[in-house]
Amino acid sequence: MPELPEVETVRRGLAPSMEGAVIARATVNRPDLRWPFPERMAERLTGARVLMLRRRSKYILADLDTGETLLIHLGMSGRMTVSGDPLGQFVHDHPAQEKHDHVILDMENGARVTFNDPRRFGAMDLLSTAEAETHALLASLGPEPLGNAFDEDYLVARLKNRRAPIKSALLDQHIVAGLGNIYVCETLFRGGVSPRRKAANLSAPRIRALVPIIREVLSDAIEAGGSSLRDFRQADGELGYFQHRFDVYGREGAPCHRAGCGGTIARITQSGRSSFYCPQCQR
Ligand SMILES: [Zn+2]
């Protein structure tokens, strides 16, 4: 499932083809994904100029000159591809249409943006730009982990009375937006904090230390995504999935990466999701 760094990588990959460009034609091949598409979506998109491509949590937001914003969520299996980009960054011919190509945006500049989603957990919506922050999917989100509103004092205050495990607290989108399972596991490893520890039982200094680690873990992954865009040679023009080295995620049974630890990465299930951690050095 794409997490914040993957979504940010998709946003950066789409920007050269979409920002400032007019959508010459929008093609919508089915009535819905996870939810029904908004009424007359193709008509409302056709002819609109994309003013800015933003990201909020795991949502990509394309502000249009029509006063509306196109919200894009990749869900579990959503993929975006760019073909025919005229700027020379992504020189892929338009591929033959595939079965799960649900929405296609042909830009006036010759680029084609395709949203493909076999499992259809993704979503697209059109909302008033002025009221974007109050959209049901965005209104209750906590601050962006890479933004200024998310800082040490904030996190200490939000975790003070939380009896839930720290793992669950950091996954709570009301506390911080866009952190997912992979990067919470990696954050807790770097912080030396057990995912089982109750948030309220963590000392303030240990909580404070997690804030720069969260930023670092996400920034490292975004950087890896950026490299994947720079070496963009994938045959199909797909954006956002890249190779990244994890310390604990997906490494059950493997040796701990921390120098001198000698522990073995374990996997436990918390709230129905896998937590990977080193029981030896994460306390
Ligand atoms: Zn260890």
Side-chain angles (χ1 to χ4, degrees), residues 1-9 57-58 76 142-146 150-228 240-283:
M1 184 184 330
E3 293 203 15
L4 188 156
E6 287 79 12
V7 175
E8 176 62 18
T9 301
S57 182
K58 290 182 259 189
M76 310 273 287
E144 286 290 313
L146 297 171
F150 180 73
D151 65 13
E152 286 83 351
D153 292 342
Y154 168 83
L155 193 61
V156 168
R158 290 303 303 264
L159 297 185
K160 197 164 59 182
N161 299 313
R162 297 282 298 203
R163 300 177 56 86
I166 181 68
K167 167 83 187 303
S168 313
L170 291 179
L171 282 176
D172 183 341
Q173 301 298 298
H174 301 98
I175 293 181
V176 53
L179 265 192
N181 199 38
I182 295 174
Y183 296 103
V184 169
C185 289
E186 295 297 304
T187 292
L188 294 176
F189 172 76
R190 287 197 200 179
V193 174
S194 167
R196 311 166 68 126
R197 183 171 286 277
K198 284 192 172 60
N201 292 350
L202 270 175
S203 69
R206 295 191 78 197
I207 293 175
R208 299 179 78 85
L210 290 176
V211 170
I213 293 172
I214 288 169
R215 293 219 175 95
E216 182 185 85
V217 162
L218 293 174
S219 301
D220 285 356
I222 290 170
E223 175 62 27
S227 317
S228 80
Y241 293 86
F242 49 87
Q243 294 295 317
H244 192 46
R245 172 185 171 279
F246 296 120
D247 283 318
V248 288
Y249 188 81
R251 295 191 66 244
E252 182 183 11
C256 175
H257 279 157
R258 202 183 309 276
C261 172
T264 301
I265 305 306
R267 183 176 68 87
I268 57 171
T269 302
Q270 294 180 289
S271 310
R273 312 192 64 181
S274 289
S275 295
F276 296 90
Y277 75 114
C278 174
Q280 187 81 18
C281 65
Q282 290 180 245
R283 299 304 179 93

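Numbering of ligands and ligand atoms starts at 1, following listing order.
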Review point. Counting only heavy atoms not in R206, do more than 12 sit closer than 6.0 Å to its CZ atom?
Key: yes

Review point. In chain order, what residues pass the salt bridge (charged side-chain N to carboxylate O under 4.0 Å, His left out) check against D151, with sequence neighbours excluded?
Key: none

**Study point:** Test: R251 cationic atom under 6.0 Å from F246 six-membered ring centre, within 45° of axis
**Key:** no

Point to revise | Y183 and H244 aromatic ring geometry - parallel, tilted or perpendicular at 30°/60° bounds | key: tilted

Check your understanding: With side chains defined as the heavy atoms from C-beta onward, is the minimum distance between E216 and T187 less than 4.5 Å?
Key -> no

Check your understanding: What are the protein N/O/S atoms, named by residue and atom, that sit under 2.8 Å from the Zn ion (ligand 1)?
Key -> C256 SG, C261 SG, C278 SG, C281 SG

Practice item. Mind running side-chain hydrogen bond (donor to acceptor under 3.5 Å, both in side chains) on R267 and S274 for me, showing each step along the way? Key: CA-CA 6 Å; R267 183 176 68 87; S274 289; 3.1 Å; yes

